[in-house]
Amino acid sequence: MQLNQTTSFGDSVIHWYHQHGRKTLPWQQNKTLYTTWLSEVMLQQTQVTTVIPYFNRFVDKFPTLADLANAQEDEVLQLWTGLGYYARARNLLKAAKIMQAEYGEFPQDFDQVLALPGIGRSTAGAILSLTLAKPFPILDGNVKRVLCRYFEIQTWSGEKKTQDLLWQHAEKISPAQGIEYFNQAMMDIGSAVCTRGKPKCDTCPLEQNCQANLKGLTSQLPVSKPKKEKPVKSTIMLALKHNNSVLLAKRPSTGIWGGLFTLPESERLLTEPEIEQLFSVQVKTLKKLAPFRHTFTHYHLDITPVVAELSQIQSSIRDTSERWFELQSEAEFGMSVPTQKILTELTS
DNA sequence: CAGGCGTGGCC
DNA sequence: TGGCCAAGCCT
């Protein structure tokens, strides 16, 4: 696309948006502050195609802020199961309750939005700019990639000084008019044109003045994150099975899988007597299933599932965090993906 | 403030 | 196919 040199950054980008930008995503229909907020939180570190079904199910169950504010945490985590970064779901509910109690509606003031749990500067800017056309910049992964190339930024965007520099650029390029198109366009360009590998510079509205493009540096920018060795951890996941039910326990709200239900874990294989004593049960059979690896952002977890068929259970549960879950029934709470995977294996 | 926090798509 | 990384935020 050829644009003459005098066309401003903002005008080029907004013009591109009207020709090529995304306009039919689920959260772009009947926009409210609530639905934009929900989509923005779901989209944090998560791809659009992954989010779409989760967003639709969520809005279906909780159509308004008031509906969400009155929900139970387990209901919210159920709808979040598989999406990851579960603090987002817990914060979403927290924020909804705060908004209902403090404001009675979704606030429109930037600092009030920013103060809500789970909403940082970029998400606050996205909510208010995309929904109400308020002139706040955004800085998500797509915009960062575009800016790092356009301004030839040679340092990793995870460093604070680089982050600060990127925000300065984001503020500077923000147009006075049409911010709602501009911000959406910057994300669309980052996602569809200024891609990580093989960017389509010949169709980019910023081609003429992009430093990386002019200098042939697109393959080297943005500077990639310094790689670190992922440690390998291992765990045993124990499926105590009795009458087609398994024992699950709700995890504390801090740490991995916070607030989700998972199978009990142990560091090493337990013997039958150990299991019987620990859980006040009688073990009929003990069987090890095929181990598998679950990989997180920051480590690998090698999981060995062990199934203990029980003939008897003395006390049903040890504390309020535990519950028996009937296989093949629909959970009304959140569950970790490895737990789901093992339960599926028990069923088949 | 660098590291913790999930999962699946992509090549 | 294993590593990279995605519409970041919190502590």
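Everything numeric here is computed off the predicted structure, so don't read it as measured data. Residue numbering restarts at 1 for every chain, and letters A, B, ... go by the order of the sequence lines.
- The distance from atom CG of A/N142 to atom P of C/dC5 is 14 Å, rounded to the nearest whole Å.
- The nearest whole Å value for the distance from the CG atom in A/L139 to the P atom in C/dG8 is 9 Å.
- On the C1' atoms, B/dT7 is 23 Å away from C/dT11, given to the nearest whole Å.
- The interatomic distance linking A/Q163 (CD) with B/dA2 (P) rounds to 12 Å, in whole Å.
- Counting non-hydrogen atoms under 4.0 angstrom, A/R145 reaches the backbone sugars and phosphates but no base.
- The ring-ring contact (aromatic ring centres under 6.0 Å, His included) pairs that include a residue from residues 96-123 of chain A are A/W37-A/F106, A/F110-A/F136, where partners are two or more places apart or lie in different chains.
- Scanning residues 177-187 of chain A for heavy-atom distances under 4.0 Å to DNA chain B yields an empty list.
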Can you give each donor-acceptor pair under 3.5 Å made by side-chain atoms of residues 276-288 of chain A, sequence neighbours left out, with the distance rounded to 0.1 Å?
residue : atom : partner : partner atom : Å
A/E276  : OE2  : A/V283  : N            : 2.8

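- In this structure, A/K23 forms a cation-pi arrangement with A/Y17, its terminal cationic atom sitting closer than 6.0 Å to the ring centre and no more than 45° off the ring axis.
- Atom NZ of A/K144 is separated from atom C1' of C/dC9 by 11 Å (rounded to the nearest Å).
- Residue A/W156 contributes atom CH2, which lies 8 Å from atom P of B/dG3 at whole-angstrom precision.
- Screening residues 228-257 of chain A for side-chain hydrogen bond (donor to acceptor under 3.5 Å, both in side chains) gives A/E73-A/K250, A/D74-A/K250, A/T235-A/E265, A/R251-A/T262, A/R251-A/E265 as the qualifying pairs, with residues at least two apart or on separate chains.
- Relative orientation of the A/F296 and A/H298 rings is tilted, given thresholds of 30° and 60° on the angle between their planes.
- In this pair, A/F55 and A/W27 present their aromatic rings perpendicular. The plane angle is above 60°, beyond the 30 to 60° band.
- A/W27 comes within 4.0 angstrom of a nucleotide base, judged by non-hydrogen atoms across all strands.
- Looking at heavy-atom distances under 4.0 Å, A/K230 makes no contact with the nucleic acid at all.
- Using a 4.0 Å heavy-atom distance criterion, A/L114 is classed as making no nucleic acid contact.
- Spacing between B/dG6 and B/dC10 at atom P, rounded to whole Å, works out to 23 Å.
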Contact letters for nucleotides 5-11 of chain B, in which S counts primed atoms plus P, OP1 and OP2 and B counts the base, heavy atoms under 4.0 Å: BBBB---

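- C/dC9 atom P lies 9 Å from atom CD1 of A/I119, rounded to whole Å.
- Aromatic ring orientation, A/F182 versus A/F9: tilted (interplanar angle from 30° to 60°).
- The distance between atom CD1 of A/I138 and atom P of C/dA7, rounded to the nearest whole Å, is 11 Å.
- Looking at heavy-atom distances under 4.0 Å, A/K198 makes no contact with the nucleic acid at all.
- With salt bridges taken as basic N to acidic carboxylate O contacts below 4.0 Å, none links A/K31 and A/E180.
- A distance of about 22 Å separates the C1' atoms of B/dC11 and C/dA7, rounded to the whole Å.
- The separation between A/N91 atom CG and B/dG4 atom C1' is 14 Å, rounded to whole Å.
- Both A/L116 and A/V48 lie close to DNA chain C; mapped to their nearest nucleotides by heavy-atom distance, the more 5′-ward contact belongs to A/V48.
- Because its NZ or CZ atom is not both nearer than 6.0 Å to the ring centre of A/F325 and within 45° of the ring axis, A/R323 does not count as a cation-pi partner of that residue.
- Taking the side-chain hydrogen bond (donor to acceptor under 3.5 Å, both in side chains) definition, one finds that A/K94 meets it with nothing, sequence neighbours left out.
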